[in-house]
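Working notes for the structure below.
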There are 2 protein chains.
Amino acid sequence: MATRKRVTAQDVARLAGVSRTTVSFVLNNITDMRISEETRQKVLEAARQLNYHPDVVARRMVTGRTRVLGFVLRQSPEQAFADLFLPQVLNGLSQAAARQGYQVLFEPIAPGHPNTMYARLVNERHVDGIILSGPRFDDEDLLRLHREGAAVVLIGRLPDVEIPYVDVDNVGGARMATEYLIGLGHRRIGLVTNAPLFYTASAERLSGYRQALEAAGLSFEEGLVRYGDFTPQSGYQAMMSLLQVRPLPTAVFVASDTVALGALQAIRHAGLRIPDDISLIGFDDIPLAGFLDPPLTTIHLPAFNLGWEAAEMLLSRLHGEEIPSPAARLLATHLVERESCAHARR
Amino acid sequence: MATRKRVTAQDVARLAGVSRTTVSFVLNNITDMRISEETRQKVLEAARQLNYHPDVVARRMVTGRTRVLGFVLRQSPEQAFADLFLPQVLNGLSQAAARQGYQVLFEPIAPGHPNTMYARLVNERHVDGIILSGPRFDDEDLLRLHREGAAVVLIGRLPDVEIPYVDVDNVGGARMATEYLIGLGHRRIGLVTNAPLFYTASAERLSGYRQALEAAGLSFEEGLVRYGDFTPQSGYQAMMSLLQVRPLPTAVFVASDTVALGALQAIRHAGLRIPDDISLIGFDDIPLAGFLDPPLTTIHLPAFNLGWEAAEMLLSRLHGEEIPSPAARLLATHLVERESCAHARR
DNA sequence: TCAAACTGCTAACACGTGTTAGCAACCATT
DNA sequence: AATGGTTGCTAACACGTGTTAGCAGTTTGA
């Protein structure tokens with residue numbers, strides 16, 4: 001572990017026979033200071049020869065900015081990695097960040113430590129701002145952080161709070177899915193949610209489902225609703241329960257492809273066929289959706305864009321462009337028609 | 001963007017009526033310096049009152065260490081996020097890091113910039129060390145970095161290079177899968193790789209397949225091998241081609257569950273049944289594997305542990321514990337028996 | 001010819017912390 | 001009473017950079 005001595009700008013200056021200040025000007029391309037082409041080259045050559053790399057820690061010290069964004073996962077890692085949605089968000093996030101020379105610090109909540117102080121990230125200056133996925137409304141730290149002027153952007157909505165956020169149009173997507181089933185002639189349409197209702201995304205999808213039903217003059221029935229919990233297992237349970245209902249629904253909207261996977265299996269186990277006996281529509285459009293049996297009709301969510309837009313919003317905030325508060329961006333979804341839905345039988 | 005003035009240790013010192021040094025001793029619990037309980041409390045109270053948080057950038061400046069690990073994705077983001085394998089690795093990684101007070105900087109390769117200098121991470125002191133997934137043997141930067149004494153741990157093997165690495169036992173896993181099929185009485189066993197052979201994991205899985213065949217006295221046939229490319233699409237193509245072979249293989253080892261998904265679809269489209277007409281075994285045990293139709297028998301890979309072990313190895317290196325070079329750790333796989341394989345028919 | 005402007009560079013400060021060396025005041029020992 | 005040790009604290013340096021103010025030497029303008 002003999003940590004080799006760092007090469008500093010001072011070393012470069014010495015070798016080039018100039019002052020450290022000059023080295024700084026040359027390497028940062030400060031054109032205001034008129035540096036002769038000759039010394040410029042001397043400095044560049046010396047830097048190359050010594051394999052000099054400026055110390056970003058020292059630079060942060062003086063500039064006051066880290067050029068790092070924190071990506072905080074408020075939900076548990078098991079949930080976060082139940083499917084590819086959040087990884088895709090992370091991907092979009094870090095690509096948008098990289099494009100502007102920023103890096104991403106990945107900060108999942110430690111399991112068993114639900115109150116890990118992610119606020120430290122900002123307070124101790126690990127990062128310039130944070131993107132928080134899966135906000136909870138009882139999160140006092142979050143509200144305080146925002147009150148104190150920290151740069152925060154949410155992925156997912158938080159009602160009655162004016163923190164900027166980016167989200168998918170859950171209500172619209174769920175309405176679209178339900179309307180599609182109605183358009184196929186279904187009148188008895190079940191719902192399996194993606195998660196318990198205290199997740200706002202979950203409540204919103206329920207709301208879109210309900211809106212579509214009522215707009216079509218169909219009544220909303222509690223008895224046709226079951227609650228998933230992120231996993232295929234929960235989808236299996238939920239669908240098994242739904243299959244006890246009489247008369248049987250002719251179609252079911254499952255508000256998560258991952259949960260739908262379990263639902264598919266339950267339907268198979270019950271000896272029913274999709275879409276002949278029962279139509280199924282999912283939500284998310286996970287990459288595998290097209291390769292299920294049958295290929296799953298679903299609502300596509302722009303996961304990559306969600307991350308991208310969140311990063312863009314945070315960065316413009318950091319660069320001082322005032323965003324109208326509350327700043328919000330709702331990303332559109334679209335229907336991907338595959339083979340898991342059919343016309344209702346007479 | 002009026003960045004509120006930072007509260008520094010100096011401010012705390014002033015309020016408590018002591019020197020900044022004393023504040024540092026109290027807050028860092030330096031017991032060697034004998035601080036009276038009275039001043040201790042004064043300092044703690046002042047810090048609390050001012051909501052003081054030490055500046056981690058300044059601390060890094062003086063300690064010389066960042067307590068950040070870089071997670072570099074050498075493969076393209078599309079590949080990296082083709083399934084949940086790497087996200088799970090990332091999860092294990094950051095949990096192991098968090099347990100020792102380290103954070104993780106996520107650094108995917110920028111698309112279209114294959115030579116992005118991730119070496120900067122170490123040279124410019126963004127991180128203390130890096131974990132690199134998907135190493136390539138033509139990676140000059142990597143070799144130089146290691147030669148210069150940087151702390152690097154690989155996920156995935158690099159032949160003929162003495163950089164510490166953690167990897168899954170691909171050969172053993174593939175042998176296990178193939179032996180399982182042989183044990184069921186299959187004698188004509190096809191192979192669809194997970195990726196082109198210049199990926200070491202791919203070549204290793206092929207090698208395990210071959211070993212198992214030859215150990216059982218079966219001949220290795222080029223004609224029964226097809227090449228996948230991470231995606232279900234490629235699996236579909238590969239299997240379609242394999243289904244042209246006569247006599248038809250009675251079982252196929254697909255060295256990636258994600259690729260297997262496409263293979264499943266191809267078999268369905270050909271009107272054959274699994275496992276009645278043809279047995280299929282996968283590799284990876286993606287979380288969805290048990291919910292496919294039929295539930296997929298596959299080789300489980302310890303993705304979470306892979307990340308965890310890599311982090312542990314890097315951290316012990318950083319803490320000065322000398323690791324015998326080359327340090328390597330090969331994680332065991334195991335077979336998960338589901339319903340996609342059956343006895344060979346007479 | 002002399003002041004003014006410009007060219008090319010540098011000294012010195014600031015950022016906020018960890019840590020070493022050392023300084024008074026008090027107590028215990030000879 | 002003089003010496004030596006202990007207790008409780010602080011002054012001062014170091015980390016490596018960005019940046020402002022300013023200084024010689026040269027050129028330009030009247």
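Below, chains carry the letters A, B, ... as their sequence lines are ordered, and counting in each starts from 1.
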Report summary line: 5'-most contact on DNA chain C (nearest-nucleotide basis), B/Ala58 vs A/Val18, goes to A/Val18
**Report entry** First encountered from the 5' end of DNA chain D, between B/Ile35 and A/Ala9
**Finding:** B/Ile35
**Report entry** Phosphate OP1/OP2 of C/dT17: any B/Tyr52 side-chain N/O under 4.0 Å
**Finding:** yes
Query raised in the report: Out of curiosity, B/Glu309 CD to B/Ile155 CD1, how far, rounded to the nearest 0.5 Å?
Result: 10.5 Å
Report task. In whole angstrom, give the distance that lies between atom CG of B/Asn28 and atom P of C/dT20. Result -> 13 Å
Query raised in the report: Picking from C/dT19, C/dT17, D/dG16, which would you name as closest to the side chain of A/Met61?
Result: D/dG16
Query raised in the report: Separation of B/Gln10 atom CD from C/dG18 atom P, in whole Å?
Result: 13 Å
Query raised in the report: Between C/dT17, D/dT17, D/dC9, which one does the side chain of B/Met33 approach most closely?
Result: D/dC9
Report task. Hey, could you give me the CE/CG distance between A/Met61 and A/Asp55, rounded to the nearest 0.5 Å? Result -> 11.5 Å
Query raised in the report: Side-chain donor or acceptor of B/Arg20 under 3.5 Å from a matching atom on the base of C/dG18?
Result: yes
Requested in this report: Return the value, rounded to whole Å, for the distance between atom CD1 of B/Ile30 and atom P of C/dT17.
Outcome: 15 Å
Report summary line: Here the distance between atom C1' of D/dT7 and atom CG of B/Asp32, to the nearest Å, is 14 Å
Report summary line: The nucleotide from C/dG18, C/dT10, C/dT20 with an atom nearest the side chain of A/Ser19 is C/dT10
Query raised in the report: Between atom CG of A/Leu73 and atom CG of A/Leu132, what is the distance when rounded to the nearest 0.5 Å?
Result: 8.5 Å
Query raised in the report: Phosphate oxygens OP1/OP2 of C/dA11: is one of them under 4.0 Å from a side-chain N or O of A/Thr21?
Result: no
Report task. Indicate whether OP1 or OP2 belonging to C/dT7 is found under 4.0 Å from a side-chain N or O atom of A/Ser36. Result -> no
Query raised in the report: In whole Å, what is the span from the NE2 atom of A/His53 to the P atom of D/dG16?
Result: 15 Å
Query raised in the report: Under 4.0 Å between a side-chain N or O of B/Arg34 and OP1 or OP2 of D/dG8?
Result: no
Query raised in the report: Does A/Ser24 put a side-chain nitrogen or oxygen below 4.0 Å from OP1 or OP2 of D/dT17?
Result: no
Requested in this report: In whole angstrom, give the distance that lies between atom CD of A/Glu38 and atom P of C/dG8.
Outcome: 11 Å
Query raised in the report: Are A/Thr8 and D/dC15 close enough that a side-chain N or O sits under 4.0 Å from OP1 or OP2?
Result: no
Report task. Rounded off to whole Å, could you give me the CZ-to-P distance for the B/Arg6 and C/dA14 pair? Result -> 19 Å
**Report entry** Nucleotide D/dT7, atom P - distance to CD of B/Glu37 in whole Å
**Finding:** 16 Å
**Report entry** Reported CZ-to-OG1 distance for the pair B/Arg40 and B/Thr22, which is rounded to 0.5 angstrom
**Finding:** 12.5 Å
Query raised in the report: Under 3.5 Å, is there a donor-acceptor pair between the side chain of B/Arg67 and the main chain of B/Gln100?
Result: yes
